[in-house]
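The structure appears right after this line, and notes come after that.
Both backbone and side-chain heavy atoms feed into the values below; hydrogens, waters and symmetry mates do not.
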Amino acid sequence: MNEKYMRRCLQLAACGRNESRPNPMVGAVIVAGDRIIGEGYHVRCGEGHAEVNAFASVRAEDEKLLPQATIYVSLEPCSHHGKTPPCADLIVRKGVRRVVVGCVDPFASVQGRGIQKIRDAGIDVTVGVLEEECRWLNRRFFTFHQKHRPYIILKWAQTADGFIDDHGRPLAISTPFTRMLVHQLRATEDAILVGRVTDEREHPRLNVRDWSGADPVRFVLSHDFPIEKVFEECRQRNLQSLIVEGGRQTLQSFIDQELFDEIRIEKAAFSIGGGTPAPTPPPNLSLISSNEYDNRKIERLKIQEKTHFILH
């Protein structure tokens, strides 16, 4: 039953994917008996959090059910005053019987304090329901606050025989449809990066032309602007995700340093017999998804998480 309602929280949370940034995506469901009496999600940064919207959706005639109700939240309720008051205080004030939390908030002002505040008020709290799914939904937010760098996606397209260009000359590997998917990805992430040689040789625009959304912030990696400066600017501007589009030397340097979280590879069915070899991914990756479009296979792979922040 806990997982059933937590999955609904995740569905709701995902509705705020673009507008909630840089805040995390959060969903909340209030259940009395076997009936949902309120639900909500964090719609937009600076506006009400998921718990606020869930309580606001409870009908007047159902208010009397709150003392017997359970509120499910995909991320720990906040305990600090930001742009909105603490959600932990709201939950205590509403007097629900039980709180079920998907995962702990890694943000420095929270980190278990919201859960403790609710427990100190005598409310039963369960933590860790669908924890991996909840962490995955907000992987950019978690990475940014735990590793102090953006969530990094390495992306390239290659031929069937493993080349990314024709001996230094640009090669059209993507189709119009798969190029649209690239622009969809760009609209989802905060920043994008290429190396100096790629920028000077190909002059890539790195913007969103075939999809709706804002262009990612553009970075060019060079000796004068190394990755440490990129990360510092991302921290200052609250840019929580970064796409690295190459070229090969830049991509391979990120791989060799294990400085990535996800790899996206588009593989064409044709071969060219020579050119610049594609980067070599490490062997210890797990497959997120594999899809085919226009005779192109798009694989997404992730690096395994090594640490968790769990509070039971």
Side-chain angles (χ1 to χ4, degrees), residues 10 13-14 17 21-22 24-25 74-75 102-107 111 128 130-158 162 164 178 181-182 184-195 198 206 216-217 219 221 226-235 238-267 277-291 296-310:
L10 290 168
R17 185 173 304 277
R21 291 187 291 177
M25 294 171 274
S74 56
L75 185 69
C103 61
V104 175
D105 190 337
F107 186 57
Q111 287 189 339
L130 296 184
E131 181 181 16
E132 290 302 316
E133 290 89 337
C134 292
R135 289 177 60 85
W136 176 252
L137 179 70
N138 282 307
R139 56 195 179 277
R140 300 164 183 83
F141 178 81
F142 273 72
T143 299
F144 188 77
H145 288 286
Q146 291 180 320
K147 298 183 179 181
H148 309 292
R149 64 160 175 81
Y151 183 89
I152 298 172
I153 302 170
L154 308 183
K155 186 199 78 65
W156 69 85
Q158 66 182 59
I164 62 173
T178 61
L181 296 179
V182 169
Q184 181 187 34
L185 174 68
R186 290 176 181 174
T188 306
E189 310 304 335
D190 293 335
I192 191 166
L193 176 148
V194 293
T198 298
L206 305 178
V217 175
F219 293 118
L221 196 66
I227 192 60
E228 293 80 10
K229 286 190 176 181
V230 173
F231 287 172
E232 178 59 31
E233 187 156 345
C234 286
R235 284 192 291 268
N238 219 344
L239 304 173
Q240 297 182 1
S241 61
L242 173 70
I243 306 169
V244 179
E245 290 206 4
R248 185 195 189 280
Q249 184 175 342
T250 298
L251 287 161
Q252 194 64 53
S253 70
F254 277 82
I255 292 172
D256 293 343
Q257 297 176 73
E258 295 188 352
L259 202 55
F260 69 94
D261 302 282
E262 187 176 324
I263 294 179
R264 180 191 187 276
I265 308 173
E266 179 177 341
K267 298 179 179 179
T280 305
N284 60 336
L285 301 181
S286 59
L287 185 67
I288 301 170
S289 64
S290 179
N291 297 288
R296 305 291 190 275
K297 178 182 285 187
I298 298 177
E299 293 182 342
R300 292 175 57 220
L301 307 121
K302 68 174 181 176
I303 194 165
Q304 296 292 338
E305 286 191 77
K306 298 179 180 179
T307 59
H308 297 274
F309 190 96
I310 303 173

**Study point:** Pair Ile152-Phe254, side-chain contact (heavy atoms from CB on, under 4.5 Å): steps then yes or no
**Key:** CA-CA 9 Å; Ile152 298 172; Phe254 277 82; 4.2 Å; yes

To the nearest 0.5 angstrom, please state how far the [atom1] atom of [X] sits from the [atom2] atom of [Y].
{"X": "Arg248", "Y": "Thr280", "atom1": "CZ", "atom2": "OG1", "answer": "5.5 Å"}
{"X": "Leu137", "Y": "Met25", "atom1": "CG", "atom2": "CE", "answer": "4.0 Å"}
{"X": "Leu242", "Y": "Ile227", "atom1": "CG", "atom2": "CD1", "answer": "6.0 Å"}
{"X": "Ile255", "Y": "Ile263", "atom1": "CD1", "atom2": "CD1", "answer": "4.5 Å"}
{"X": "Ile192", "Y": "Leu185", "atom1": "CD1", "atom2": "CG", "answer": "7.5 Å"}
{"X": "Lys297", "Y": "Glu266", "atom1": "NZ", "atom2": "CD", "answer": "12.5 Å"}

Has the side chain of [X] got a donor or acceptor atom that lies under 3.5 Å from a matching backbone atom of [Y]?
{"X": "Arg264", "Y": "Ile298", "value": "no"}
{"X": "Glu189", "Y": "Pro216", "value": "no"}
{"X": "Ser241", "Y": "Arg140", "value": "no"}
{"X": "Asp190", "Y": "Gln240", "value": "yes"}

Point to revise | Residues Trp156, Ile265; criterion side-chain contact (heavy atoms from CB on, under 4.5 Å); working and verdict | key: CA-CA 5 Å; Trp156 69 85; Ile265 308 173; 3.6 Å; yes

Review point. Out of Phe142, Trp136, Phe141, which residue meets the side chain to side chain contact (heavy atoms under 4.5 Å, CB included) rule with Arg139?
Key: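 That would be Trp136; it is the only one of Phe142, Trp136, Phe141 passing the side chain to side chain contact (heavy atoms under 4.5 Å, CB included) with Arg139.
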
Answer whether the closest heavy-atom distance between the side chains of [X] and [Y] falls below 4.5 Å.
{"X": "Val244", "Y": "Leu221", "result": "no"}
{"X": "Phe260", "Y": "Pro282", "result": "yes"}
{"X": "Cys234", "Y": "Phe219", "result": "yes"}
{"X": "Cys134", "Y": "Leu10", "result": "yes"}
{"X": "Arg149", "Y": "Asp261", "result": "yes"}
{"X": "Glu245", "Y": "Thr198", "result": "no"}

Can you name the nearest heavy-atom pair linking [X] to [Y], along with the distance?
{"X": "Leu287", "Y": "Ser290", "value": "CD2-CB, 4.2 Å"}
{"X": "Leu285", "Y": "Pro281", "value": "CD1-CB, 4.1 Å"}
{"X": "Ile243", "Y": "Arg186", "value": "CD1-CA, 3.8 Å"}
{"X": "Glu131", "Y": "Cys103", "value": "CG-CB, 3.9 Å"}
{"X": "Gly195", "Y": "Thr250", "value": "CA-OG1, 3.5 Å"}

Check your understanding: Taking only residues two or more places apart in sequence or in another chain, which ones pass side-chain contact (heavy atoms from CB on, under 4.5 Å) with Ser253?
Key ->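 With sequence neighbours excluded, Ser253 shows a side-chain contact (heavy atoms from CB on, under 4.5 Å) to Gln257, given in chain and number order.
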
Point to revise | Partner set under side-chain contact (heavy atoms from CB on, under 4.5 Å) for Asp256, not counting sequence neighbours | key: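 By the side-chain contact (heavy atoms from CB on, under 4.5 Å) rule, Asp256 matches Gln252.
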
Practice item. Apply side-chain contact (heavy atoms from CB on, under 4.5 Å) to the pair Leu251 and Ile164, showing each step before the final yes or no. Key: CA-CA 12 Å; Leu251 287 161; Ile164 62 173; 5.5 Å; no

Check your understanding: Does atom CD of Glu232 have more than 12 heavy-atom neighbours from other groups under 6.0 Å away?
Key ->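 It does: Glu232 CD has more than 12 such atoms within range.
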
Exercise for review: Please assess Ile288 against Leu301 for the test side-chain contact (heavy atoms from CB on, under 4.5 Å), listing each intermediate value before the final yes or no.
Suggested key: CA-CA 5 Å; Ile288 301 170; Leu301 307 121; 5.7 Å; no

Point to revise | salt bridge (charged side-chain N to carboxylate O under 4.0 Å, His left out) involving Arg300 - partner list, sequence neighbours excluded | key: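 Scan of Arg300 (salt bridge (charged side-chain N to carboxylate O under 4.0 Å, His left out), adjacent residues dropped) gives Glu262.
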
